[in-house]
Amino acid sequence: QAQLVESGGGLVQAGGSLRLSCAASGRTFSSYSMGWFRQAPGKEREFVASITWGGRSTYYSDSVKGRFTISRDNAKNTLYLQMNSLKPEDTAAYYCAAPGSSYTSAQAIAVIPMAYWGQGTQVTVSS
């Protein structure tokens with residue numbers, strides 16, 4: 001059974017950096033585009049960033065563009081999110097996810113339903 005496990009969250013001061021990881025097991029996701037989403041308390045889950053199966057194309061929400069970088073290592077079956085210049089409004093639980101269909105565009109990850117979700121990792125940015 002496929003499983004996604006996030007790690008790397010924590011408490012950081014505004015302006016700091018964190019790197020999130022999402023380790024996949026139970027199946028390979030090398031033919032699947034994947035994404036990062038986040039949910040702040042009292043708010044709906046929102047799209048953050050996505051990357052195509054081979055890593056050639058990425059897509060970001062306007063709120064993180066220029067500060068966050070998504071990447072993947074298919075040999076390790078792992079997805080990453082490098083977060084720089086963090087702001088208090090980035091505080092949220094961060095989730096990695098993958099769709100049920102392979103070879104989707106990075107932009108599609110932002111709008112289509114995800115079939116696989118991790119349990120989330122908390123990121124807290126203090127001011």
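A distance-only check finds no donor-acceptor pair linking the side chain of S127 to the backbone of P88 [under 3.5 Å]. Counting only distance, with no hydrogens or angles, the side chain of R72 and the backbone of G55 share no donor-acceptor pair below 3.5 Å. A donor-acceptor pair under 3.5 Å is formed between the side chain of T52 and the backbone N or O of S57.
Within the structure, disulfide bond (SG atoms under 2.5 Å apart) contacts touching residues 52-107 (residues at least two apart or in different chains) are C22-C96. Among residues at least two apart or in separate chains, there is no disulfide bond (SG atoms under 2.5 Å apart) pair with a member in residues 40-69. Note on residues 56-76: pairs passing ring-ring contact (aromatic ring centres under 6.0 Å, His included), not counting sequence neighbours, are F47-Y59.
Under the rule for a side-chain contact (heavy atoms from CB on, under 4.5 Å), the partners of S71 that lie at least two apart in sequence or sit in another chain are Y80. Not a single side-chain hydrogen bond (donor to acceptor under 3.5 Å, both in side chains) links N77 to another residue, sequence neighbours left out. Contacts of Q82 classified as side-chain contact (heavy atoms from CB on, under 4.5 Å), with partners at least two apart in sequence or in another chain: S17, R19, T69, N84. For the side-chain hydrogen bond (donor to acceptor under 3.5 Å, both in side chains) test, residues two or more places apart in sequence or in another chain that qualify with S30 are T28. Applying the side-chain hydrogen bond (donor to acceptor under 3.5 Å, both in side chains) criterion to K65, with sequence neighbours excluded, gives D62. For T124, the side-chain contact (heavy atoms from CB on, under 4.5 Å) partners are L11, T91, Q122, not counting sequence neighbours. Not counting sequence neighbours, the partners of V12 by the side-chain contact (heavy atoms from CB on, under 4.5 Å) test are L18, L86, V125.
The shortest side-chain heavy-atom distance between L20 and S7 does not fall under the 4.5 Å cut-off. Annotation: side chain of E46 is in contact with side chain of R38 (closest heavy-atom distance under 4.5 Å). Two residues are said to be in side-chain contact when any heavy atoms from C-beta on lie closer than 4.5 Å; L79 and W36 meet this criterion. The closest side-chain heavy-atom distance from F29 to L4 is below 4.5 Å.
The shortest non-hydrogen separation linking S33 to P99 is O-CD, 3.0 Å. The shortest non-hydrogen separation linking S102 to S31 is CB-O, 3.1 Å. Shortest non-hydrogen contact noted between T121 and G9 is OG1-N, 3.1 Å.
I70 and I109 fall into different hydrophobic clusters, where Ile, Leu, Val, Met, Phe, Trp and Tyr residues are linked whenever their side-chain heavy atoms come under 4.5 Å apart, directly or through other members. Residues Y94 and I51 fall within the same hydrophobic cluster, defined by Ile, Leu, Val, Met, Phe, Trp and Tyr side chains chained together at heavy-atom separations under 4.5 Å.
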Could you list the donor-acceptor pairs under 3.5 angstrom formed by side chains in residues 112-119, with sequence neighbours left out?
from, atom 1, to, atom 2, distance (Å)
Y116, OH, R27, NH1, 2.7
Q119, NE2, E6, O, 3.3

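Note that CG of L81 is 5.5 Å distant from CE of M83, once rounded to the nearest 0.5 Å. The distance from atom OG of S50 to atom CD of Q107, rounded to the nearest 0.5 Å, is 7.0 Å.
Connectivity analysis of hydrophobic side chains (ILVMFWY, heavy atoms under 4.5 Å, direct or indirect) links W53 to Y103.
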